[in-house]
Engineer: 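One structure follows; several queries about it will come next.
Just so we're clear, the structure is a prediction, and the values are computed from it rather than from any experiment. Below, all heavy atoms of this structure are taken into account, side chains as well, without hydrogens, waters or symmetry copies.
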Number of protein chains: 2
Amino acid sequence: MPSSSPNSPRARFLELGEPERALWLDPAEAEFVAHGFERASLNRIIASAGESKGRTYHYFSGKGALFDATLERRLEPLAGLMFTPEALADIDPAGFWKALATLSARLTERFQQDATLAALVRTLHREKAAQEAVSDKLAGFRARIEGVLAAGRSVGAVRDDLPLSMLADVALDVLISVDRWFARHADSLPDGDEAALSQRAFSLLMTPLLPQSKNEGPLS
Amino acid sequence: MPSSSPNSPRARFLELGEPERALWLDPAEAEFVAHGFERASLNRIIASAGESKGRTYHYFSGKGALFDATLERRLEPLAGLMFTPEALADIDPAGFWKALATLSARLTERFQQDATLAALVRTLHREKAAQEAVSDKLAGFRARIEGVLAAGRSVGAVRDDLPLSMLADVALDVLISVDRWFARHADSLPDGDEAALSQRAFSLLMTPLLPQSKNEGPLS
DNA sequence: GACAGTTTTAGACCAGCGGTCTAATTCCGT
DNA sequence: ACGGAATTAGACCGCTGGTCTAAAACTGTC
């Protein structure tokens, strides 16, 4: 289902063959990975692709659309990793969190393997303009998180004393926060520690979402 | 203690009188609040201040320094709200979290009262370039958080199975996340709900930091 | 008061930005 | 071979943050 976002590549572009699409997407990816979104120069991408402004704007409505297409190419192969909210319908709380831990581990693994994907996605963490450029994708992802949490709530795995949208916000931001920590400290981490640490860090995501009756802590 | 950051205003500027400082800071604040950091136009600020490029660059090394000075003016009155790590030295876990909850409530209140301060700080949430412009301030704030968490750890209020820097990152990002949620939903919130909700939301910050022995949850 | 040296000031200027637009060219159905 | 549509090149636009020159204002010394 093609998005009607103003930042999608024009339909024409998708009709091009893969090698011709790569003509733009390869230099664009390199530029975005190297400089992020705002600091990336569209003129440089065009020059590096050996293309002209006219042709480029014929296929893309602007810099944002090029970023969208660049990200899309890397995101597409990941679609299979996500599970649907329906798969979580009949499950007990322990199973729910187990499934989420598994998904989290899989995504972590993918990010470690694909540094380019990781760099592109991390651009989204950092730059508001980049988020706006792919706001459709982002809204879809946010909706999926909220769907998963709603499913978790319906089986008693997720607290219901705070708005779901707040929980989804926090969940997403904790994910980002932990990912960023690992990205920043990956080099100085002894081999093997990373996996163990990553597993323990999952509790940073889980505990704030748990029903607070199960999670009293030292405060009344 | 003046910072040696390349983005501080030059010493000359601080020697100017308050009304003359406001000549730049008022238009700058308006521009940054309206457009954020990157989208703010230095040329517009200068024109709006009725100043010249030369004079402006005489007092500020660039746009970042102007942003720094703008933020500093709003942040200065808040210094008294923070407590020192030492004040947390001899305290039990319940007291530690109580003190943090109080601080959090105070800061929340301030943000509600001072919309300009809130908008400026939220620029920091969103724009990496803005963060870089005041990296000194940010590093100091991060260090204070880590200090507070270290104090909490020494009295058994904070978990020690994950690196302190990771906990500090997550704590800061959860703070930001929750603040952003309230900023986004403040309008559609019934009066009075906000305070209660905000109090409950504090658990989003606390629970991931608690020792996990006190916080087993449904997963082994 | 005259001069010299420093500090302050104005604003022209720079390269580069994302995006628009015109005009030439290529393509394609008839 | 023609005509209209799709495609393409790149000049051009207003704007950006930042640099630089040269004039003006200020300061201390005779």
Engineer: Which label fits B/Phe67 and B/Phe32: parallel for a plane angle under 30°, tilted from 30 to 60°, or perpendicular past 60°?
Structural biologist: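 Answer is perpendicular, since the angle exceeds 60°.
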Engineer: How many Å lie between CG on B/Leu42 and C1' on C/dG11, as a whole number?
Structural biologist: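 In whole Å, C/dG11 C1' and B/Leu42 CG are 14 Å from each other.
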Engineer: Can a side chain N or O of B/Ser41 be found less than 4.0 Å away from OP1 or OP2 on D/dT16?
Structural biologist: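 Answer yes for this pair, as a side-chain N or O of B/Ser41 is under 4.0 Å from OP1 or OP2.
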Engineer: Whether the B/Ser203 and A/Arg159 side chains hold a donor-acceptor pair (N or O, under 3.5 Å, no angle test) is what I'd like checked.
Structural biologist: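 Yes, because at least one side-chain N or O of B/Ser203 sits under 3.5 Å from a partner of the opposite role on A/Arg159.
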Engineer: Between B/Gly54 and A/Lys63, who's closer to the 5' end of DNA chain C by nearest nucleotide?
Structural biologist: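 Whichever sits nearer the 5' end wins; that is B/Gly54.
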Engineer: Measure the distance from NE2 on A/His35 to C1' on C/dC17 and round it to the nearest whole Å.
Structural biologist: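 Going from NE2 in A/His35 over to C1' in C/dC17 covers 14 Å.
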Engineer: For B/Asp161, is there any backbone N or O sitting under 3.5 Å from a side-chain donor or acceptor partner on A/Arg200?
Structural biologist: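 Answer holds: yes.
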Engineer: Given 3.5 Å as the limit, does a donor-acceptor pair link the side chain of B/Trp24 with the main chain of B/Leu66, or not?
Structural biologist: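 The answer is no, because no donor-acceptor pair under 3.5 Å joins these two groups.
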Engineer: Name the one of B/Glu18, B/Glu20, B/Arg12 that satisfies side-chain contact (heavy atoms from CB on, under 4.5 Å) with B/Leu16?
Structural biologist: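 Exactly one pass, corresponding to B/Glu20.
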Engineer: Please give, in whole Å, the distance from C/dT9 P to B/Leu16 CG?
Structural biologist: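 Rounded to the whole Å, the gap is 8 Å.
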Engineer: Check if the side chain of B/Lys53 and the base of D/dG18 share a donor-acceptor pair of N or O atoms closer than 3.5 Å.
Structural biologist: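 Check passes, donor-acceptor contact within cut-off.
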Engineer: Expressed as a whole number of angstroms, how long is the span from B/Arg55:CZ to C/dT7:P?
Structural biologist: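 These atoms are roughly 17 Å apart.
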Engineer: What is the distance from CG of A/Leu23 to C1' of D/dT8, rounded to the nearest Å?
Structural biologist: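 A/Leu23 atom CG is separated from D/dT8 atom C1' by 14 Å.
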Engineer: Rounded to the Å, how far apart are A/Phe60 CZ and C/dG19 C1'?
Structural biologist: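 Nearest whole value for this atom pair: 16 Å.
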Engineer: Quick one: label B/Arg39 by what it contacts on the DNA or RNA (base, sugar-phosphate, nothing), any heavy atom closer than 4.0 Å.
Structural biologist: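 Answer is nothing: B/Arg39 stays at 4.0 Å or more from every strand.
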Engineer: Are B/Tyr59 and C/dT9 close enough that a side-chain N or O sits under 4.0 Å from OP1 or OP2?
Structural biologist: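 Looking at the OP1 and OP2 atoms of C/dT9, one of them is under 4.0 Å from a side-chain N or O of B/Tyr59.
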Engineer: Without decimals, in angstroms, what is the distance between A/His58 NE2 and C/dT20 C1'?
Structural biologist: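 Taking atom C1' of C/dT20 as the reference, NE2 of A/His58 is at 16 Å.
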Engineer: Between P on D/dG10 and CD1 on A/Ile46, what's the gap in Å once rounded to a whole number?
Structural biologist: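 That distance rounds to 12 Å.
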Engineer: Would you tell me if any nitrogen or oxygen in the side chain of A/Asn43 comes within less than 4.0 Å of OP1 or OP2 on C/dC17?
Structural biologist: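 A/Asn43 to C/dC17 OP1/OP2: side-chain N or O found under 4.0 Å.
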Engineer: With respect to the phosphate group of C/dC21, does any side-chain polar atom (N or O) of A/Tyr57 fall under 4.0 Å of OP1 or OP2?
Structural biologist: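 For C/dC21, neither OP1 nor OP2 has a side-chain N or O of A/Tyr57 closer than 4.0 Å.
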Engineer: Reckon B/Ala40 touches a base, only the sugar-phosphate, or nothing at all at heavy-atom distances under 4.0 Å?
Structural biologist: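 If one applies the 4.0 Å heavy-atom cut-off, B/Ala40 turns out to touch the sugar-phosphate alone, with no base involved.
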